[in-house]
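Remarks on the structure that follows.
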Amino acid sequence: MSAPAQAPAGLEQLVATTTEALARQVTDEGLLLDPGAAATSPAPVATPSDHYGATFAALALAARDAADPRWRALVSAWASPSSGPRGHAPFNRLALLLLTDRLRRAGPIAPPDQALLDGALQRCQVGYAYPSNNWTLLARATDVLSARLFERDERCESSARLFDTVSRPWITEVGGFIDFPYSPSGGFGATPITYHAKFVALLLLVARHGCPAARLRLVGRALRWMLVWLDGSGHLGGFGRSTHALFGDACVLFVLLHGWAGSAVPERWRGLLDVVCARLEATRRDDGLLSLTPCGVLGAEGGWDEYMHLSVYNAYAAGLLGWALCSFGEDAEAGGTARAVVPWEPGPADAGRGLGGLLDETLEATHDAGGAARVGTFVDEWASLSTCRGSAAAVCVSHEGQPVQSYTTEAVDLRYAALVPWHVTLGGRPVVSPPVRVPRRELHDRPALAGWTPLFARDEVLYGLVRTEAHGLRGDGTRLVSWGRGRPSRLHHTRPPRGGVSWWLENVDHYLSGGRRRRLRGLKPRRLQAHDVVTALVFDGEAGWWAHVVLLRGRTSDVSFLNPHGRALLSAAGDRQPLVSVRTACAGAVAPLGPDDERSVDHPSPLAGAFAVCGPRLAWPLTDTAFVTVCGHPEGEPPVRVDLEADLLVTPWDSFPLDDFA
């Protein structure tokens, strides 16, 4: 594989090793095997035919060597009418278009190969809209690529404009990408970190084919939004679905590689690339493939969603990155002044530096010359997400919470919950396990799995404080106080009685609408009436501690509080993370939670060494009761307390009225 001089060696090695591991999984018949399924099947299992592992594996092999016949076998088997259903059309079409681009660069494509590619593309038509907005944007991006590849300049320009038009409602003011629903409004929308990284990657693909002023500014906003969540250990994730997944890591590396390729100072980008690559290499499996999540555990216990497959995400990473490295290298050898498939076009007069310069300026705004993220606070008010970073620690938090994209009967998704520390680094290392998606029954029996999210039950129905109805935020750069009030929301759908009208409507929705009605129900789930909860997160980035506060307003109730003092941590934090748990009753009595009172379980986290802890189940209290959990603070007097008489949250630097949400 050719690449520009002084290319990031770590990235080249990561792609080469992964591609070779994929090659060993390709059968003579053109099937891509999935070693990740070996744990549940004694015989080799092929990658699902309706996924995109085969096409991206073909791209990876052709990027390494255009003469490798296995790419042809993979595409032939995938496109065969007997191969089964073909799904994931936008992803497969992207792979086939990039494969066509790669083969053209290697020389004239033989007529049989061109016929094979044309036939595969013909069988892979994309729709206009999909349930996830990132799928819709990917489909529109393939329109742009297709128009360029087949020399339809006018169509390329109109496709790029359509990409801009479609994406406009899905971008927050500061650049975050809203993946769900199709028509977000009033603060309702899901912005999973992984799929924002994919959005930036798509922006750069489209920006290659012309970058007017509006798109140039959007690239800068979206890139900055991504970089502020990228921690010093190369992790990007923790919030939303596919959290900390290899899919997102591949998009991050693709974006960083673009920054390096178009930069006047590529060394600044190289540091970030090396950190992410080193973290991924640490998860390399014995068969040469990369783990899908940092913990290296297969399946749901490793933080996988049911749609994640080991072979597919490895193929996606190797194919996308292999194509980019190969393309950048060929352009450099051809004497191009910019190392990109299409040279960066000059920016508008008000920018004065083009796309490459914009990427450099964005990185400089978020990271210092040594590659360390700058201290301070970043807030996306629409998404209600923020990160606060000091010299000792950093925290990421969602203030209001967001709707889940998988509101189902059998599973509970807590990955969009409000006022939990979904990513914390202490001394540069992650120390908090992100929220998870778990089976409903398992969560009911082991409520510690809810982590930091307050979990409640009435009869067999689970509720959680995953959305706040009012919230406040105070910060002075490296300190953050976020608090909110809300009523617990129902965490799962309940099946209607069989045979009734509701049962028939649900089946129609499931089979004819793909569950659209059920998914939309997750936008505004039912709440527990008259059960008020105030919760808060207090963080000090210089001292390196944080506190989580849950205040239940007293009342007569048949509701149970399942996980008092719930938290989810990583064992890697060790003794750097002393813990203080304090319960304050209305009369002001302080009752520490002892070790004998705790319930600890392994946490099905994408990060290694995760465990979750909570106190014993309690009845909803008759009087106001506060639960304070402090991490990272020296043992002794806790730095945060709740003054119930004055209704104040008291911190070392100020006091905050718990009902003041201005």
Side-chain angles (χ1 to χ4, degrees), residues 174-176 193 224-239 271-272 275 362-381 383-400 418-432 434 452 471-484 535-549 567 569-570 573 576-580 628-634 636-641 648-656 660 662:
V174 293
I193 305 299
R224 179 171 182 255
W225 203 96
M226 186 192 90
L227 290 174
V228 296
W229 309 112
L230 185 63
D231 75 9
S233 57
H235 292 85
L236 180 83
F239 189 78
L272 289 177
V275 167
T362 305
L363 179 62
E364 186 177 0
T366 60
H367 290 69
D368 62 26
R374 299 188 184 279
V375 300
T377 299
F378 173 85
V379 179
D380 185 336
E381 293 184 0
S384 199
L385 296 174
S386 69
T387 180
C388 181
R389 189 181 306 274
S391 60
V395 67
C396 301
V397 60
S398 167
H399 308 290
E400 291 181 279
L419 286 170
V420 299
W422 49 264
H423 192 65
V424 177
T425 56
L426 186 60
R429 296 183 302 173
V431 294
V432 159
W452 304 88
H471 78 281
L473 178 67
R474 301 288 188 276
D476 64 354
T478 60
R479 293 171 174 169
L480 181 72
V481 180
S482 178
W483 70 107
T535 187
L537 183 74
V538 184
F539 173 77
D540 189 325
E542 295 301 313
W545 60 262
W546 71 98
H548 191 244
V549 179
R567 67 246 187 215
L569 305 168
L570 303 177
R576 298 193 62 186
Q577 197 164 294
L579 183 73
V580 181
V628 180
T629 305
V630 183
C631 293
H633 189 272
E637 188 69 21
V640 172
R641 64 184 178 87
L648 291 175
L649 175 66
V650 182
T651 74
W653 53 86
D654 207 347
S655 298
F656 302 88
D660 179 13

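Note: hydrogens, waters and symmetry copies are ignored here, and every other heavy atom, side chains too, is used.
- Note: Asp540 CG to Cys388 SG = 8.5 Å, rounded to the nearest 0.5 Å.
- Scanning all heavy atoms of the two residues, the minimum distance from Pro652 to Pro639 falls at CD-O, 3.2 Å.
- Leu426 contributes atom CG, which lies 6.0 Å from atom CH2 of Trp546 (distance to the nearest 0.5 angstrom).
- The shortest non-hydrogen separation linking Ala392 to Ala543 is CB-C, 4.5 Å.
- Partner of Val549 under the side-chain contact (heavy atoms from CB on, under 4.5 Å) criterion, chosen from Val628, Thr535, Leu419: Val628.
- Interatomic distance, Glu381 CD to Glu400 CD, rounded to the nearest 0.5 Å: 10.0 Å.
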In sequence, state the C-alpha distance, the side-chain angles, and the governing distance for Trp452 and Val432, and then conclude on side chain to side chain contact (heavy atoms under 4.5 Å, CB included). CA-CA 10 Å; Trp452 304 88; Val432 159; 3.8 Å; yes

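- Under the 30°/60° scheme for interplanar angles, the aromatic rings of Phe378 and Trp229 are found to stand perpendicular.
- Put simply, the side chain of Thr478 never gets that close to the backbone of Gly376: no donor and acceptor are under 3.5 Å apart.
- Scanning all heavy atoms of the two residues, the minimum distance from Val395 to Pro421 falls at CG2-CB, 4.1 Å.
- Distance alone, capped at 3.5 Å, is enough to place a donor-acceptor pair between the Glu542 side chain and the Ser391 backbone.
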Report the C-alpha distance between Leu473 and Leu480 in whole Å, list the side-chain angles of each, state the deciding distance to 0.1 Å, and finish with yes or no for side chain to side chain contact (heavy atoms under 4.5 Å, CB included). CA-CA 7 Å; Leu473 178 67; Leu480 181 72; 3.2 Å; yes

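- Aromatic ring orientation, His235 versus His423: tilted (interplanar angle from 30° to 60°).
- If you take NE2 on His471 and CH2 on Trp483, they are separated by 9.5 Å, rounding to the nearest 0.5 Å.
- A distance of 9.5 Å separates OG of Ser386 from CG of Asp380, quoted to the nearest 0.5 Å.
- The backbone N or O of Asp654 lies less than 3.5 Å from a partner atom in the side chain of Thr651, making a donor-acceptor pair.
- The two residues Ser233 and Val275 make their nearest non-hydrogen contact at C-CG1, 3.5 Å.
- For the pair Ser398 (side chain) and Leu385 (backbone), a donor-acceptor distance under 3.5 Å is absent.
- For the residue pair Gly371 and Leu272, the shortest heavy atom distance occurs at O-CD2, 4.1 Å.
- A distance-only check finds no donor-acceptor pair linking the side chain of Arg389 to the backbone of Cys396 [under 3.5 Å].
- Gly238 approaches Pro434 most closely through the heavy-atom pair O-CB, 3.5 Å.
- Atom CZ of Arg224 and atom OG1 of Thr366 lie 8.0 Å apart (nearest 0.5 Å).
- Here the side chains of Trp422 and Ile193 are in contact, with some heavy-atom distance below 4.5 Å.
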